[in-house]
Amino acid sequence: MGVIDLPAESQMQQTGERIVNDFSFMVATKNGSGSQTSNSTIVRALFKMGIPVNGKNLFPSNIKGLPTWYTIRVSKDGYTARRSRVEIVVTFNEMTAAEDIVNLPPGGVCILPQEWNWTKSRSDIIYYEVPVKDTVRQFDIPTERREQVSNMVYVGVVAKLYDIPLETIHQALSDQFNGKPKPVQMNYQVVEAAYHWAADNLQKLDRFHIEPMDKTKGKIIITGNEAAALGALFGGVTVTAWYPITPSTSLVDAMLDYKHLRRDPVTGKDTVAIVQAEDEIAAIGMIVGAGWAGARAMTATSGPGISLMSEFAGLAYFAEIPIVVWDVTRMGPSTGLPTRTSQGDILFTYFLGHGDTHHICLIPGSVEECFEFGWRAFDLAEQFQTPVFVLSDLDLGMNNWMAEPFQYPTEPINRGKVLDKEALERFIAEKGEWYRYRDYDQDGISYRTLPGTDHPRAAYFTRGTGHNDQAIYSERSTDWVQNMERLRRKFENARKVVPQPVVDYDAGKQIGLISFGSNDPAVQEVRDRLAAEGIETNYLRLRALPLTPNVHDFVLNHERIYVIENNFDGQMAQVLRMEIPGDTRHIRSLALGDGLPMTPRWIYDNIKRYEGK
Amino acid sequence: MGVIDLPAESQMQQTGERIVNDFSFMVATKNGSGSQTSNSTIVRALFKMGIPVNGKNLFPSNIKGLPTWYTIRVSKDGYTARRSRVEIVVTFNEMTAAEDIVNLPPGGVCILPQEWNWTKSRSDIIYYEVPVKDTVRQFDIPTERREQVSNMVYVGVVAKLYDIPLETIHQALSDQFNGKPKPVQMNYQVVEAAYHWAADNLQKLDRFHIEPMDKTKGKIIITGNEAAALGALFGGVTVTAWYPITPSTSLVDAMLDYKHLRRDPVTGKDTVAIVQAEDEIAAIGMIVGAGWAGARAMTATSGPGISLMSEFAGLAYFAEIPIVVWDVTRMGPSTGLPTRTSQGDILFTYFLGHGDTHHICLIPGSVEECFEFGWRAFDLAEQFQTPVFVLSDLDLGMNNWMAEPFQYPTEPINRGKVLDKEALERFIAEKGEWYRYRDYDQDGISYRTLPGTDHPRAAYFTRGTGHNDQAIYSERSTDWVQNMERLRRKFENARKVVPQPVVDYDAGKQIGLISFGSNDPAVQEVRDRLAAEGIETNYLRLRALPLTPNVHDFVLNHERIYVIENNFDGQMAQVLRMEIPGDTRHIRSLALGDGLPMTPRWIYDNIKRYEGK
Amino acid sequence: MATNKTVGKTNTLGLTREDYKGNKSTLCPGCGHDSISNQIISVAYDVGLKQENVIKLSGIGCSSKTPAYFLGRSHAFNAIHGRMPSIATGATLANHELTAIGVSGDGDTGSIGLGQFKHMMRRNVPMVYIIENNGVYGLTKGQFSATADAGQELKYYGKNEYPAIDLCMEAIVGGATFVARSFSGHAEQVRALLKAALAHRGTAVIDIISPCVTFNNNPNSNKSYDYGKANEIPLHEIELIPEGFVPEREEISIDPDKMESYEAGQEILVRMHDGTFIRLQKVGPDHDPRSKAQALALLEKVGMEQLFLTGLIYYEEPRPTLLDTLHVVDTPLARLQGDTLRPPKEALDKLMQSMM
Amino acid sequence: MATNKTVGKTNTLGLTREDYKGNKSTLCPGCGHDSISNQIISVAYDVGLKQENVIKLSGIGCSSKTPAYFLGRSHAFNAIHGRMPSIATGATLANHELTAIGVSGDGDTGSIGLGQFKHMMRRNVPMVYIIENNGVYGLTKGQFSATADAGQELKYYGKNEYPAIDLCMEAIVGGATFVARSFSGHAEQVRALLKAALAHRGTAVIDIISPCVTFNNNPNSNKSYDYGKANEIPLHEIELIPEGFVPEREEISIDPDKMESYEAGQEILVRMHDGTFIRLQKVGPDHDPRSKAQALALLEKVGMEQLFLTGLIYYEEPRPTLLDTLHVVDTPLARLQGDTLRPPKEALDKLMQSMM
Ligand SMILES: Cc1ncc(C[n+]2csc(CCOP(=O)(O)OP(=O)(O)O)c2C)c(N)n1
Ligand SMILES: Cc1ncc(C[n+]2csc(CCOP(=O)(O)OP(=O)(O)O)c2C)c(N)n1
Ligand code: SF4
Ligand code: SF4
Ligand SMILES: [Mg+2]
Ligand SMILES: [Mg+2]
């Protein structure tokens, strides 16, 4: 992590002026110590003060004891990308303290336990030592809670040093514990004590300040996985089958948490079934069975699960069964880094399954889109009778993001071309027949019936083997090719219907940036910075595969295209080269797969390098 | 199959002249009726007469009763590609007779059972009716053999009509049954009877003639799967784990058949273990375990198996374990057409596994290369400590091909950088250390030890999770990136070492053809034909992925490139567009995925269409 | 589903037996699987099964092809190798009113599919799960499957040196509540078991030895017709008796817990969840299928002595099915419409409010 | 591998106990898995295990991480979730002289890995297979695993409504020849079983209840320490006795076939393939592990009554291992060199000749 921050930021560090609402905290603790509660409390409190804020958790693949870091960025300008540098570090983990401190910029701040008696070897930073043990000892706290509550000490100190009102902390704590008075009180008393201790004992020496703003009014804070779960519940999901895997587990956990939204008030029974399968093959198998039988069915998984789902993905594609698969991507290959973010499953998921298979993939770029694609994915899957993959990632999925309140679905539920008994009767009356895979509308999408349809001609035979348009087994070349051509028609049709990219385009600009997913905040920030330096860029944010036609235009209309992505091989750049019918030599891949969310700094440095300025 | 033959061929049909050694037979029978023996007998007999011959079996995914077709091409010029038209059809299956006959060209021949009393509605073809039941009835044949032996009737008739000496048939039969006199006699008597009946009763009316040549001298006939099995056995395979799946099963069957080559003469024990696993995940898991522990380990499978192997493929890639995986490709997506050929697993296999994974893929274009890659794959796998996939296909793997006798491996077995006890001692003495994933030679390939190495520092920890170069678990970004960069170095290094393409290049020609695998005979034939019409082409036959640098040059040095492949999406063309750093707009994909081996006709028509001539 | 004797040529639904057929089989003539398809057709016709409400599910294999050959008016899903249990789980979750009939092979269930098979039973997915067990992989031309007995020989693949997996034992241990073994050559018993299985609520497993005439019908193979015909030992004759047709007194005539022996001809009456009874008339060795311990001991003996025992091996008063445990609404999930699927705007707004 | 009391601070190989350690554990303090790692270290030290000849294999989970924490001089392979059995199969095939120790979890073995687990036992892959069974998925933060007992409750995921999979029962039915259950809180028994398992030839399965202190240690969970301490019923005390140390007379003192009951303190002597004996000194209910029927009956009872019985549950005179059935040369395949690997040119030429 030897990268430095954007120039303007680092310049700020050199001067002695007051820095207000534009810096980052990092809290270094141990995994499983309960520091998440403290960190979220700070984030929520800042948010309640109207200050744009973003929290990112960098945690190990471990349950208890290994180092974990939480960074909180406050940005008066509303930037939410990861910054490569933090100004204030709360070092509550002795294992990493040396390294955490060494990385502070001059003028930086270190808050640490007094009882360590740490040698303060840097004279260019400010140390605040706080008596953690003594503060907690004052209270009668059950042993198993003590470690977690100790972390409230830094909350109190931070609140005092940076002028976060105690009431706001109290409210934030109350939110955290859903208003349960006992835990709120247990934690709050420690915050309060630390706050007062700091008031009495610490002299504010640093230049960082928090001041209330009004920039978060009407906004919410939520993780992408929670947003996706809500989207699915408002999208009418009826069957979810899953197998636990980081970082997708919290998506299904959120479905369980919000399942009450789908509870029949009269009977108290649910309109959604959530089943923990024995593995990912079974999970996707269950939703393929459910999707076939008429449920809106989904699963959520990550890399290893995607690999295991390959065979079923191909079956669902070829037998034309609607399912929704969330891939909350983590770092691969293989088991890789289960708690690090990545956008490295693009090529593999796009072509998941042997033979000539390819899938619709949606790529949300914000928690709002996690919600939106949460419901829209079902409409697309049922409209096109095909699997829809949603490629989110750990950063988007598991971190807390500020967002506009979600918009209630703008379109009615679309179940696609399903013939129920009456519709089937009408259909047959009109056309004299109904064949499952006949392309009646020349859009590649044929009509399906659901099992249980009470009509003697409703049944058809579903299979992963070759079939003619009557759903009868066939090994004839012509039947095979005809069916594949229909599938291609369908896919080409989907190309026009999937979420279009978000394009910011001005003719005349020579540089086009292409990115997607959780990189968006970093790209947005870097564009502002470049523009400030006179380097104007256009920007296209992809939201789906296959590529929509306007992507071609965007690529071909620029002299230089930078494809910014969070993986090692530059997979999206590869897809662009593969699909765009034209000279694509001006595409340059800016790919970094180091497990961390993209920083504006890295993009900036690379673009500047290539632009030679 | 509405395609017609190459122009010169069809012209031949129109004239009345004698056609010698340049036409095709098709034998239409029922699956499971034992006609394979008859067909192979004819092929072997023709081969023994010195005539270039190729047999292709078009069979259903069924055990008994469904239609099956066997085509035999005789070609004085040595062409072995599938022709889209046949001149002589042996219709022994009433279910398909009408269609089989309708497709005959004028002047064509139909040989069929007398007892059908078939209405001979075409006057432009010649019918030969033969008394199948009566011929067989003369002999005392066990009921369960009767159906198979009935098929010997057409062997006798064909032999008579086309001047195949009875002795040659007898020899061919003898080869078939490994010289066992009883079955040879049982079958031969029927051939002989039919031959004599034909001599007495049939008047030769057609213009097709077989004449002995000397073009097969010193050649062999073999299937690609047998060749691959032999290659593996001569390549020192020690562990094979597999799960039955068409069309790869016969590869492992051949290993069982030839296992005696690897039997210790003293103890009678084998130096190779072949295990039938419970599924493909277990099959690849076993060879990953075996490869790790020092075996030369392989499996053979097809599409659905490749899908199931995804997760382990990624593990083996990332943990750097040598294994060899044969994908004898069949038609997908999904279960697709299990008995039809395809080259449709290219993209999926190349990127098999989530995250940034990619693999070395070898693509044999002949049975000779099946043998060669059979042994070479192990050398590459061990040299690069990585999975090597061999992409064969059903046509190459299961059909009988004429070939040069296989060349004994030209290079000694290469076990790669393995440190045994002594080598490890020397290594440590010299460098003071040995770390499993350190890039001592800057070629991306590090040194490994095998379990059981009797040295206290030999052990290391193998895992699919992130690790530093000491093989210790690490979540550090720098460790991760460093490791991925080494893997990239290794892959780039492999690019130069994998089998180079076979290139036929003359500066000045504007058209470049690119193809691979079993398409080669069709491409070769079409080039001759085009050349005869004055259209000169260069030709590059790919034999491996990643693409070697000279592929770039070939592509960029032509005005027009045609990429000829047997799949639906033009997957190799996609790989070329993706990887070649230059303007690739002149690449045109000629992709046909209809389950049948590529024909010269189809390629010809398409090239002519685009060339506008 | 009540048993009903058909009068004349149509059943209670006014359908002929012909109406219950599927496409023409493409299996080898004489294949055991075809005869099982025929029994399914007969039973469906006999009990007046509503085909529109049936789903036929299978994996891959000759056996798994058979759903194309019966109940042509039922939806079917011929899925991928070994994974039919998960398809069945999902489909019955989506619509619990469907009657699910699964057909699998010994390779499909015992090799690649063993894990899914076991977990399906643990969840008690309501379905009839038929294994057409021939000890080989038919469709891939005769390799050994995991149910081949140790010592068995095949022409091409030689001798099997691994012990057989007993799928009934696996089913019982796995939590199945209805476990039977039969023989495709014993049509009457297959029909009786199918009727009982269709009446069961929960996973009903029927492991039917079904000879592969092409690859494993050598008389010395214990999966062959000849062997089966000569060696089958039926435990009992089986009959399904509709609710109310059994006098209370008879029901308690035998105490399953005492496991005492009973005379040939004596009966055991197994009461099912809906009051239907399975009457088991003893013809073979003592066995009370209501005791898990007895069932396991019996199968242990069967394994040791390579006996070919057929009949209802284990029956358990059904525990809750997967559907029961999930507490979902009574309307099949697949049939829910607009409003039920999407909570109102107010619900979202309220939630958003709470997150501000 | 003979048991040997260590004199002073080194064992027969001249190594200290320290030499058998691995990296520092990163599991939660108090995790049951750590105590199992400690017992492995102790046993390896005690018996003078040659670490260079050991391979440690695992899947994915907290349990599967533990091979990093013991026997630092052994090669290890931390593979993918649920697939360690196939890795073990391949590795022992490649080199049958290796001593394979596998560590898995209840999720790794009982859920995703159930199929591989069963097929490994059927093949009798020679290895010690340890399941660190805590009834939950530790590493993914506390979901139920398939070994959680019906009715058990977890804070976040509520109540488990499915019956538990009994991995010992699965092992016996699956063909394992050495099946034991233990408790990570019962260190002495774990050690004794490990010693016996290491001496066994074939798959030796040890299902060790190993509490997850973070997600499943509530005293009313029957996978908790408190529950285990209070409710464990050891069947016997176990000791491994080297060849030649048992008088012939004692060996036949109990007739396993009669399965008669024996008094507390009485012994059963289980003779192993190499003449070593496992001495079982009765302390709990009657049980002769040499009887499959008894073992199954015992586990059936254990399941019904949710008993926590520990000890050697089943032992079978080893059938041929996978290696035996494959008839491969005695030199480990991984060690074969040039000429043995590649037949001579003449062999190819002869073959080619025959194809002309
Ligand atoms: C993933 C996968 N692997 C392998 C195959 C090839 N395959 C088709 S059927 C079959 C075995 C079927 O055996 P069984 O289930 O016993 O059915 P049977 O044909 O004997 O009735 C196999 C291995 C496949 N279709 N899919
Ligand atoms: C294919 C795959 N699916 C899911 C996961 C996520 N995962 C990691 S560990 C684990 C469960 C481990 O449970 P168990 O085997 O009981 O081990 P424990 O942590 O309880 O010791 C899961 C589901 C994974 N690594 N790989
Ligand atoms: S191969 Fe065997 S199982 Fe398959 S259809 Fe023929 S007889 Fe039946
Ligand atoms: S989470 Fe549970 S199983 Fe994992 S280390 Fe902690 S206590 Fe052990
Ligand atoms: Mg079978
Ligand atoms: Mg566990």
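Just so it is clear, the model here is predicted, and its values are computed rather than measured. Below, chains carry the letters A, B, ... as their sequence lines are ordered, and counting in each starts from 1.
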*Asks:* Quick check on side-chain contact (heavy atoms from CB on, under 4.5 Å): which of D/Thr109, D/Ile208, D/Ile209 does D/Asn133 satisfy it with?
*Replies:* D/Ile209

*Asks:* Do the rings of A/Trp242 and D/Tyr157 sit parallel, tilted or perpendicular, given the 30° and 60° boundaries?
*Replies:* parallel

*Asks:* Can you tell which part of A/Pro304 gets under 4.5 Å to a heavy atom of chain D, answering side chain, backbone, both or neither?
*Replies:* neither

*Asks:* Ion pair present between D/Asp207 and D/Arg181, side-chain N to carboxylate O less than 4.0 angstrom?
*Replies:* yes

*Asks:* Between D/Ile60 and chain A, which part of the residue has a heavy atom less than 4.5 Å away: side chain, backbone, both or neither?
*Replies:* side chain

*Asks:* Relative to each other, are the rings of D/Tyr227 and D/Phe308 parallel, tilted or perpendicular (30° and 60° limits)?
*Replies:* parallel

*Asks:* Return the set of residues passing ring-ring contact (aromatic ring centres under 6.0 Å, His included) with D/Phe215 (not counting sequence neighbours), or none when no residue passes.
*Replies:* none

*Asks:* Quick one: of A/Asn62, A/Ile63, A/Asp279, A/Ile281, who has the most non-hydrogen atom pairs under 4.5 Å with chain D?
*Replies:* A/Ile63

*Asks:* Select one option (side chain, backbone, both, neither) describing which atoms of D/Cys62 are under 4.5 Å from chain A's heavy atoms.
*Replies:* side chain

*Asks:* Against chain D, label A/Asn31 side chain, backbone, both or neither, depending on which of its atoms sit under 4.5 Å from a heavy atom there.
*Replies:* neither

*Asks:* Who among A/Ile245, A/Leu66, A/Thr246, A/Thr249 has the most heavy-atom pairs with chain D under 4.5 Å?
*Replies:* A/Leu66

